Amino acid sequence: MLTIPPLITETERELLQNLIANAKRILICGHRGPDGDAVGSALGWADYLKRLGKETVVMMPNPFPDFLRWLPGIQDITFYMRHETEATQAIKNCDLVFCLDFNALHRLMEMGDVIAAHNAPRVIIDHHLNPDRNAAALTISHPQMCSTCEVVLRLLLQLGGYEDMGNRAAAALYTGMMTDTGGFTYNSNSPEIYQLISLLLAKGIDKDKIYRNVFNTYSESRLRLTGYILYKKLDFYQDRRASIFTLTRSEMTRFNFIRGDAEGLVNMPLQVKGMRLSISLREDTERDVVRVSLRSVDDFPCNKMAEEFFNGGGHLNASGGELPFPLSEAVKTAERAIEAYAHLL
Ligand code: 5GP
Ligand code: MN
């Protein structure tokens with residue numbers, strides 16, 4: 001029988017518990033373009049802090065995708081970009097900051113500048129490579145873990161926060177583990193993950209329903225958008241080992257695009273035999289930039305390509321970034337990136 005080992009050292013545990021004990025109002029934040037893991041880990045961690053009697057504020061730079069709307073407690077999240085003045089004040093009123101599912105403050109955009117200028121101590125809880133340890137009093141970083149939700153659950157087990165955890169927090173943590181692994185189809189070979197899932201199931205979560213809530217609640221027009229992209233917009237390169245597709249704002253309008261509708265599209269070209277790398281280039285709906293998503297299989301390093309060509313980063317098989325120029329230029333950059341990495345394809 002496997003057992004879940006402690007996540008942090010005794011010294012770190014003491015530091016963390018002291019930071020929490022000395023705080024009254026605690027800010028919990030997730031990255032721009034929050035995904036299931038950012039939102040799930042923030043809600044799961046906030047639930048624990050609330051059970052300790054803390055006042056909590058959960059804040060993200062901008063809204064989450066529509067397919068997470070069903071998550072219990074999600075309506076309490078504040079979006080910095082929608083209410084900058086109030087959000088800035090709320091940040092200044094907090095005396096401890098948790099940074100979940102990101103490794104450096106710049107991933108919060110302007111919200112990160114406000115937090116950097118505020119003198120409350122910060123704690124990073126994350127699973128991305130190369131955390132900015134200088135940005136935090138304590139860094140709990142585990143890149144080998146499938147999700148920040150996994151890190152949070154292990155932390156709760158160690159701190160004694162599991163016993164009283166309810167169904168809602170368990171659902172939030174399961175959601176992040178599920179979304180960051182594509183429904184446990186990648187980055188999910190650690191046996192301990194399934195023990196952790198078992199602990200969440202013991203809280204009465206309906207994992208099949210969670211799967212449907214996240215992956216099978218799209219609109220008809222999203223399904224047609226998928227067909228359109230695969231039929232009309234997908235170009236293959238390097239003997240079908242890499243692909244690029246683009247998505248413009250006007251196409252989004254045509255297909256009644258709502259936040260989250262692009263999720264998962266970038267994985268689809270990898271269904272073709274022999275494919276190693278998929279790149280999606282999407283016009284941002286809020287700013288004049290092109291959002292880049294990269295997905296790969298096996299050892300192709302998306303994160304290196306994202307850093308080198310797309311002002312971004314991420315994980316080995318899933319990374320992202322952005323380019324500050326028009327889509328046509330972005331395509332040229334992506335083609336250059338594929339050319340430069342041809343030897344790894
Ligand atoms: P997605 O393609 O779903 O937007 O992002 C996939 C992964 O890439 C994220 O989980 C995150 O780790 C990373 N990522 C996405 N966008 C950025 C970015 O702009 N900068 C960095 N450093 N990482 C990103
Ligand atoms: Mn994550």
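Start at 1 with the first residue, then count along the sequence. Quick note: numbers below take in every heavy atom, side chains included, and nothing from hydrogens, waters or symmetry partners. Everything quoted here is computed from the prediction, not taken from an experiment.
With respect to Tyr341, the side-chain hydrogen bond (donor to acceptor under 3.5 Å, both in side chains) criterion is satisfied by exactly one of Arg276, Lys304, Glu308, Arg336: Glu308. Only one option out of Arg107, His31, His315, His142 pairs with His128 in a side-chain hydrogen bond (donor to acceptor under 3.5 Å, both in side chains); it is His315.
Between Val123 and Val97 there is no side-chain heavy-atom pair separated by less than 4.5 Å. For the pair Met275/Phe236, a side-chain contact is recorded, criterion being any heavy-atom separation below 4.5 Å from C-beta on.
For an aromatic pair to be called close, the ring centres must be under 6.0 Å apart, and Phe67 with Tyr211 fails this.
Neither side chain, Glu110 nor Tyr80, offers a donor N or O lying under 3.5 Å from an acceptor on the other. A donor-acceptor contact closer than 3.5 angstrom links the side chains of Asp180 and His127.
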Practice item. Step by step, work out the salt bridge (charged side-chain N to carboxylate O under 4.0 Å, His left out) result for Arg32 and Glu286. Key: CA-CA 12 Å; Arg32 178 188 185 274; Glu286 285 151 0; 3.5 Å; yes
Review point. Should Glu335 and Glu339 be marked as a side chain to side chain contact (heavy atoms under 4.5 Å, CB included) after you check the CA-CA gap, both sets of side-chain angles, and the distance that decides it?
Key: CA-CA 6 Å; Glu335 288 176 343; Glu339 205 59 50; over 6 Å; no
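A salt bridge links Arg69 to Asp66: at least one charged side-chain nitrogen sits closer than 4.0 Å to a carboxylate oxygen.
A cation-pi geometry, defined here as NZ or CZ lying under 6.0 Å from the six-membered ring centre and within 45° of its normal, holds between Arg254 and Tyr228.
Not a single donor-acceptor pair under 3.5 Å links the side chain of Arg291 to the backbone N or O of Leu281.
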